[in-house]
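Ligands are counted one by one from 1 in listed order, and the atoms in each one are counted from 1 as well. Just so you know, these numbers come straight off a predicted model, no measurement behind them.
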Amino acid sequence: MSTSTQITLRTPDDWHLHLRDGEMLEAVAPYTSAHFGRAIIMPNLVPPVVRTEQAIAYRESIQQALPEGSSFQPLMTLYLTEQTDPADVKAGFASGDVTALKLYPAGATTNSDAGVKNIEAVYPVLEAMQEIGMPLLVHGEVVDAEIDIFDREAVFIERTLKGVRKQFPELKIVMEHITTADGVEFVKSCDSHVAATITPHHLTINRNAMLVGGIQPHYYCLPVAKRETHRQALVEAATSGDPRFFLGTDSAPHLDGAKESACGCAGIFNVSVTMSVLAHVFENAGKLENLEKFTSLNGPAFYGKPLNESSMTLEKQSEALDISEKLAVAGGQMTIFDPKFPLLWRVV
Ligand SMILES: NC(=O)N[C@@H](CC(=O)O)C(=O)O
Ligand SMILES: [Zn+2]
Ligand SMILES: [Zn+2]
């Protein structure tokens, strides 16, 4: 076996992850715990995780789905609604049971019906969060029918995010899964209170992957991939080492049957290949030395968490990883994200 390169980093964390529940949770949790030390767990279950006691119960079911002896740490979030009680949020944050709140504009994405319609209705919660230093995680897309889907992130920044920033300048905000140069520019224009997660798929595909040569449902996610110039802006931001950009896989498992449909759902499952994809992206950008910042250092710094003590080694091999096989999940099968280049890097 010929090995040309190896790199070792602190164990990475995933700052945006969908683990689902039930049989899907059991199927996907081991892929995350195999590579990641911690993950921010998204609350968009049906029904959503809206109160601290639900987050605690969900964390317990995640822990039960982990392999024996796993030290993986799920960091729980609550789904922000117009009924969210600031006192519950404060208590959950103080006890360490809840790490952040997730804002979904109502109807923006998978399982977001209970989301926020009028941002001002949640200002009392944002006020409390600002006071205690609790991060607000944002699915940053407007949902107005008249706004083109490719413009929804940029319009959200103008219409919603700038107002929230003005009202709550000390509130920690993470723009989740940014997909545009506008998102990058907005984060850069702010101070250290604002950061963004970036996914492996938005670093490697543009909208052609989804639409050329027939409709490709396994490349459909929200926010949708944009044009190539936006992808390049994301690569520039992720590989720059700037502490405001870090990894959130947004791995969002759905059965193939739900995606390969007349109304296919949004979400890409990628955790098992994330580190391989990222090593390729950073190597191609000539920035392999910044990979650890993106995956393992910038996120904990923003969240005020300690760095992982353990490490991960990645090795570049001559033979590519085979990801053609579907994952068997109760009730069906699931496709792994294919960035359409050979995955030579693998986790040792
Ligand atoms: N990213 C997606 O396309 N889908 C996510 C929801 C989300 O993160 O917006 C899901 O839960 O399936
Ligand atoms: Zn989202
Ligand atoms: Zn997501």
*Any N or O on Cys221 sitting closer than 3.5 Å to an N or O of ligand 1?*
no
*For the Zn ion (ligand 2), which N, O or S atom of His139 is at the shortest distance?*
ND1
_Out of the candidates His230, Glu228, Glu236, only one should pair with Gln232 under the side-chain contact (heavy atoms from CB on, under 4.5 Å) rule; please name it._
Glu228
*asked:* Regarding His16, does it place an N, O or S atom less than 2.8 Å from the Zn ion (ligand 3)?
replied: yes
*Using a strict 4.0 Å cut-off to heavy atoms of Thr109, name the atoms of ligand 1 that fall inside it.*
4 (N), 6 (C), 7 (C), 9 (O)
*Should the heavy atoms of other residues, nucleotides or ligands under 6.0 Å from NZ of Lys326 be counted, would the total exceed 12?*
yes
_Contact flag His18/the Zn ion (ligand 3), N/O/S atoms, threshold under 2.8 Å_ = yes
*Would you say ligand 1 has an N or O under 3.5 Å from any N or O of Tyr104?*
no
_Can you see whether Thr239 engages Asn290 through a side-chain donor-acceptor pair at a distance of less than 3.5 angstrom?_
no
*Leu255 side, atom CG; Ser261 side, atom OG - distance, nearest 0.5 Å*: 12.0 Å
*More than 12 heavy atoms of other residues, nucleotides or ligands under 6.0 Å from CZ of Phe72: is that the case?*
yes
*When you look for heavy atoms under 4.0 Å from ligand 1, do you find them on the side chain of His16, its backbone, both, or neither?*
side chain
_Please identify which of these residues, Leu161, Leu126, Leu103, meets the side-chain contact (heavy atoms from CB on, under 4.5 Å) condition with Ile173._
Leu161
*Are Trp15 and Phe302 close enough that their ring centres sit under 6.0 Å apart?*
no
*Just let me know how Asn44 lines up against ligand 1, side chain, backbone, both or neither, with a heavy-atom cut-off below 4.0 Å.*
side chain
*Would you sort out whether Glu141 and His139 count as a side-chain hydrogen bond (donor to acceptor under 3.5 Å, both in side chains), showing the intermediate values?*
CA-CA 6 Å; Glu141 289 191 289; His139 180 109; 2.8 Å; yes
_Under 4.0 Å, heavy-atom basis, I'd like to know which part of Arg20 is in contact with ligand 1: side chain, backbone, both or neither._
side chain
*Of all the atoms in ligand 1, which lie at a distance below 4.0 Å from a heavy atom belonging to His177?*
8 (O), 9 (O)
*Under 4.0 Å from a heavy atom of Gly267: give me the atoms of ligand 1 that qualify, with their elements.*
2 (C), 3 (O), 4 (N)
*Salt bridge check: are Asp13 and Lys305 linked by an N-O gap of less than 4.0 Å?*
no
_ligand 1 versus Met42: contacting region, heavy-atom distance under 4.0 Å_ = neither
*Cut-off 3.5 Å, side chains only: do Ser95 and Asp97 have a donor facing an acceptor?*
yes
*asked:* If I apply the N/O under 3.5 Å rule, does His139 come out as touching ligand 1?
replied: yes
*Is it possible for you to check whether Lys287 lies under 6.0 Å from the centre of the six-membered ring of Phe294, through NZ or CZ, and within 45° of that ring's axis?*
no
*Where do Ser310 and Thr11 land on the side-chain hydrogen bond (donor to acceptor under 3.5 Å, both in side chains) test, with the steps shown first?*
CA-CA 6 Å; Ser310 54; Thr11 298; 2.7 Å; yes
*Identity and distance of the protein heavy atom lying nearest atom 4 (N) of ligand 1*: Ala266 O, 3.2 Å
*Please state whether the separation between the Zn ion (ligand 3) and some N/O/S atom of Asp250 is under 2.8 Å?*
yes
*Measure from the Zn ion (ligand 2) to every N/O/S atom of His177 and report the name of the nearest one.*
NE2
*Which protein non-hydrogen atom lies closest to atom 1 (N) of ligand 1, naming both residue and atom, and how far is it?*
Asp250 OD2, 2.7 Å
*Polar contact flag for Leu222 and ligand 1 (N/O pairs, less than 3.5 Å)*: yes
*Sub-4.0 Å atoms of ligand 1 with respect to non-hydrogen atoms of Ala252*: 4 (N), 5 (C), 10 (C), 12 (O)
